[in-house]
Student: 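Below is one structure. I have some questions about it.
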Amino acid sequence: MPSKPSVAPQQTCSVKFCLLDADYTTDKESGKTIVKLIGIDEQGNSILVLDSSFEPYFYILSKKGKKKELIEKLEKSSLVTRIDEVSRIVEGNEEKVLQVFVIVPASTGKVRESVKRLDSVKGTYEYSVNFYKRYMMNRGIYPLDWLEIEGEEIENETAYKKVVKAVSIKKMSSKELPTLNVLAFDTEVVDKKLIMISFVAKNFKKVLTYKKAKNAEVCKDEKQMLQRFVEIVNEQDPDVIVTFNGDQFDFEVIRQRADELNVPLKLNRDASVLKGVRRGQTTAARLQGRIHIDLFPFIDTVLAPQLQFEAITLNDVSEELLGESKTDMSFEGMLQSWKSGKMEDVVKYCLNDSKLTIKLAEILLPQVLELSRASGQLPFDSSRMAYGTLVESFFLRKGVEHNTLAPEAPHFAEVEKRRRQRPYVGGYVKEPKVGLHENIAVFDFRSLYPSIIVTYNLSPETYNCKHKDCKTNKVPDMKHHFCTKIKGFIPTHLKSILEHRQEIKSRMKNYSRGSAEWKQLDEEQKAIKILANATYGYLAYAGSRWYSREAAESAAAYGRYHIQQTIKDAEKTGFEVLYADTDSVFVKTKKGSIEKLAEDFQKKINKSLPGILELELQGIYTRGLFVPQKIGTYTAKKRYALIDENGEVTVRGFEAVRRDWCDMAKDLQHNVLRLVLQNNQSEAVKKVKHAVEKIKKRKVTISDIAVRTMLGKELTEYKATGPHIAVARKLQKQGHEMPQGTVISYIITKGAGSISQRAEPTDKISIKDYDIDYYLHNQILAVALRVLGSLGYKEEDLCY
DNA sequence: CCGCTACGGGG
DNA sequence: GGGTACGTAGCGG
């Protein structure tokens, strides 16, 4: 960090750059806290801007008549630099509060701690807002803003093209995204040692390893490979580094190996060494000057709920988002190749992972950046944040922009208490009419919960207000009421982003679908949708500042009320209601055109809905299969499959076909489902019968019937013995090493005892050993009956 | 039935 | 660095 001004006469300069990252540091000489703003200019040069004009502070609301006493006490503290008196809205009321400035960010908590119990203190506020976040909020700066900086350029020996000490910072209006230099990398690890590293950027790809290999740079050993890794990152000088699970895996291994092998990890632009930052139970790899975007946490927290992959693996995610998968090679295959020296396979495998990662980044990075813009959090943070914190940072900003102090964050005991609350009643579910149906229309409420929060003014401060007229405004089937006179904090700002989203959507109409402008606007509106939808959950989130279980509970009650009304109206109109869940209703008609009837119904309902509530016609389907939600004690969330007139199939909730099912069973269910939707039940039954025969006559391969499970931890750490653990222990006794991460492939054999006792490793088994009965009833027929059972088929119908 | 622990992704 | 995930499956009591 350059802290000294250069000896040469300082050069005044002006730069315009797009903000990508921020941090802060304390200058050792002056003791001042310096905010670091990191970004790139129009030419793609990396810029570091230093701003020492911002001071840390927090707020105190004093008790009546005790202000003087409090100020005197505060002035005695060596940590306090000055005290201002300002006007802010506190819990709905305008108050005069003390703004207490302190020497360094860490002092806010210390000073607050020393005064919070004084009887002159009524409340303390915003003492735990991170300094760079505080800075961005107060200055109205959002990530990806273009900033115009006037200042002095400082000589530096860092990888930044320019380091500027800011004198003034102005926001510009451009919303353009800069061209970023993005580098993806992936490592392969065997026995906790790095064996290979691959990189892919726009015009660059490389593989490092230390066994002789074609198409790779062959290093002397692991240490030299790590050194080359550092060199290559610096040569490529990326603005963004992308990984898939780099926080918890790749960077973690790299750090450990670099430690062991004594390789300084100078990956940062300021020439410092990589450090991990604690984020909850996990560590994130945060680089200085380069944003490390780990796609895994982003997909896990933000995208997973909207998508339908079975697991968040690079393979499944790539298949869904890119329509392509990893190479045909399995991990075991790769391992085999490494051990036997078939290096071209390993190189291909490793490089492909980086290729997929960068392709995913092409799609996901714009989403991360728009989410940053919408939430006000840096890309590094917004890509790792859980919904609760993401929503909260948005409202914190709105508070600052509207002179409103955020409620104090709940303390540990309070969070615990909130967590222990009995769960409240959620959305309404109408059990599906099991079977195959035709001429189906699906309706859903557009952004149901956000619309309800806005329409009914649900917010912590509007709950059970004192106004006489509001008291009759009861939530359906609840004792609660919400204010009808004064707009609440949450509904006000939620409404404004919903309107902003509509405005973006109407602007999108000016561009042709799929154009660059259209795509950027689309990402922007999707990011806002994510925030808006998460606000409902935020009201009931235990860590929330704007916590109101009553508001969340009421949103659910209003939701149930409206969906039930819609069901009643649909029935009155002559539809048969097949299924309903929370915000969607599935109906069918026996006579007339489903399209026409559905459109008329939608219009009619919308005329009767209050506020901003709106029912949408989600789609028309030629055929649909609905299966029971309860099978024994197991309750599926949503389980149906639909086909439209173009033959497009939508499947929900059959995902129970995951682990513990063999490939043959998985494939069979897939085929059966499609055939049923194509109204070809006889062919579906034939397929099942055929599979049954194959199992009975042992005309299958081991791989068809193998179940694969990975050892998630060391074998000794398992207390419970599932089938894969039993197999692993058997293998270990035979002298095989069974480290964490070993994939156990097993089949169930004939004989007596539990499934675990009868599980055997695949490599020692012949096709005559498997238990026909188990595969018939617990795999093939089980999976087939999930689909065909709802159509009245019994086991005996599916066997010859 | 409840409460606790371990897990995920990566290799 | 006053930012310390999170929701759930599966086990044992």
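Letters A, B, ... mirror the listed sequences (proteins, then strands); counts begin at 1.
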Student: Keeping to residues at least two apart or across chains, list the salt bridge (charged side-chain N to carboxylate O under 4.0 Å, His left out) pairs with something in residues 538-547 of chain A.
Tutor: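 Counting only pairs at least two positions apart or across chains, the salt bridge (charged side-chain N to carboxylate O under 4.0 Å, His left out) contacts touching residues 538-547 of chain A are Glu392(A)-Arg545(A).
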Student: Provide, to the nearest angstrom, the distance between the CG atom belonging to Asp186(A) and the P atom belonging to dG10(B).
Tutor: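 In whole Å, dG10(B) P and Asp186(A) CG are 10 Å from each other.
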Student: Could you tell me how far apart Phe296(A) (CZ) and dG10(B) (P) are, to the nearest whole angstrom?
Tutor: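 Nearest whole value for this atom pair: 8 Å.
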Student: Using salt bridge (charged side-chain N to carboxylate O under 4.0 Å, His left out) as the criterion, list what pairs up with Arg88(A), not counting sequence neighbours.
Tutor: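 None.
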Student: Thr282(A): what forms a side chain to side chain donor-acceptor pair (under 3.5 Å) with it, not counting sequence neighbours?
Tutor: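 Listed in chain order: nothing, the list is empty.
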Student: Does Phe131(A) reach a base, just sugar-phosphate, or nothing at all? Heavy atoms under 4.0 Å.
Tutor: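 It contacts nothing in the nucleic acid.
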Student: If you only use heavy atoms from C-beta on, which nucleotide in dG10(B), dG3(C), dG9(B) is closest to the side chain of Met385(A)?
Tutor: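 When the side chain of Met385(A) is considered, dG3(C) is the closest of dG10(B), dG3(C), dG9(B).
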Student: Would you tabulate the side-chain donor-acceptor contacts of residues 333-345 of chain A under 3.5 Å, counting partners in other chains and residues two or more places apart, or write 'none'?
Tutor:
from: Ser337(A); atom 1: OG; to: Gly333(A); atom 2: O; distance (Å): 3.0
from: Ser340(A); atom 1: OG; to: Gln336(A); atom 2: O; distance (Å): 3.0

Student: Please classify the nucleic acid contact of Val129(A) as base, sugar-phosphate, or nothing, using heavy-atom distances under 4.0 Å.
Tutor: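 Sugar-phosphate, backbone atoms only, no base.
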Student: Between Glu113(A) and Lys110(A), does the salt bridge (Lys or Arg N to Asp or Glu O under 4.0 Å) criterion hold? Intermediate values first, please.
Tutor: CA-CA 5 Å; Glu113(A) 196 61 34; Lys110(A) 284 180 193 153; over 6 Å; no
Student: Return the value, rounded to whole Å, for the distance between atom CD1 of Ile299(A) and atom P of dG8(B).
Tutor: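 That distance rounds to 17 Å.
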Student: P atom, dA5(C) versus dG10(B): distance in rounded Å?
Tutor: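 The same atom, P, in both gives a distance of 23 Å.
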Student: What's the CD-P distance between Glu252(A) and dG9(B), to the nearest Å?
Tutor: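 That distance rounds to 18 Å.
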Student: For dG3(C), does the base pair up with any side-chain atom of Tyr132(A) as donor and acceptor (N or O, under 3.5 Å, distance only)?
Tutor: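 Indeed, a donor on one side and an acceptor on the other fall under 3.5 Å apart.
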Student: At a cut-off of 3.5 Å, list every protein nitrogen or oxygen paired with a nitrogen or oxygen from nucleotides 4-6 of chain C, distance to 0.1 Å.
Tutor:
from: dT4(C); atom 1: O2; to: Gly280(A); atom 2: O; distance (Å): 3.3

Student: Measure from the side-chain heavy atoms of Ala106(A) and tell me the nearest of dG3(C), dG9(B), dG2(C).
Tutor: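 Output: dG2(C).
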Student: Over how many whole Å does the gap from Lys116(A) atom NZ to dG2(C) atom P extend?
Tutor: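 After rounding, the reported distance stands at 14 Å.
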Student: Which part of the nucleic acid does Thr187(A) contact within heavy-atom distance under 4.0 Å: base, sugar-phosphate only, or nothing?
Tutor: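 Sugar-phosphate: the residue Thr187(A), judged by heavy atoms under 4.0 Å, touches backbone atoms but no base.
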Student: Heavy atoms under 4.0 Å, any strand shown: does Thr313(A) hit a base, just sugar-phosphate, or nothing?
Tutor: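 Counting heavy atoms under 4.0 Å across all strands, the contact made by Thr313(A) is with sugar-phosphate only.
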Student: Please name the residue in the list Thr187(A), Leu208(A), Leu261(A) that meets the side-chain contact (heavy atoms from CB on, under 4.5 Å) test with Leu194(A).
Tutor: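 Looking at Thr187(A), Leu208(A), Leu261(A), the match for Leu194(A) under the side-chain contact (heavy atoms from CB on, under 4.5 Å) is Thr187(A).
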Student: Using atom OH of Tyr125(A) as one end and atom C1' of dG2(C) as the other, report the distance to the nearest whole Å.
Tutor: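 For the pair Tyr125(A) OH and dG2(C) C1', the rounded distance is 18 Å.
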Student: Would you mind reading off the distance between Asp247(A) atom CG and dG8(B) atom P, rounded to a whole angstrom?
Tutor: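 The distance from CG of Asp247(A) to P of dG8(B) comes to 17 Å, rounded to the nearest Å.
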Student: Check every strand shown and say whether Asp23(A) touches a base, only sugar-phosphate, or nothing at a heavy-atom separation below 4.0 Å.
Tutor: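 Base, at least one base atom sits under 4.0 Å.
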Student: Identify whether any heavy atom of Glu113(A) sits under 4.0 Å from a base atom; if not, whether one sits that close to sugar-phosphate; answer base, sugar-phosphate or nothing.
Tutor: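 Base contact - Glu113(A) has a heavy atom under 4.0 Å of at least one base atom.
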Student: Please state how far atom CG in Leu314(A) lies from atom C1' in dG10(B), giving the value in whole angstrom units.
Tutor: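 Between C1' of dG10(B) and CG of Leu314(A): 9 Å.
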Student: Could you pull out all residues at least two apart from Lys206(A) that satisfy salt bridge (charged side-chain N to carboxylate O under 4.0 Å, His left out)?
Tutor: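 Residues passing salt bridge (charged side-chain N to carboxylate O under 4.0 Å, His left out) with Lys206(A): Glu217(A).
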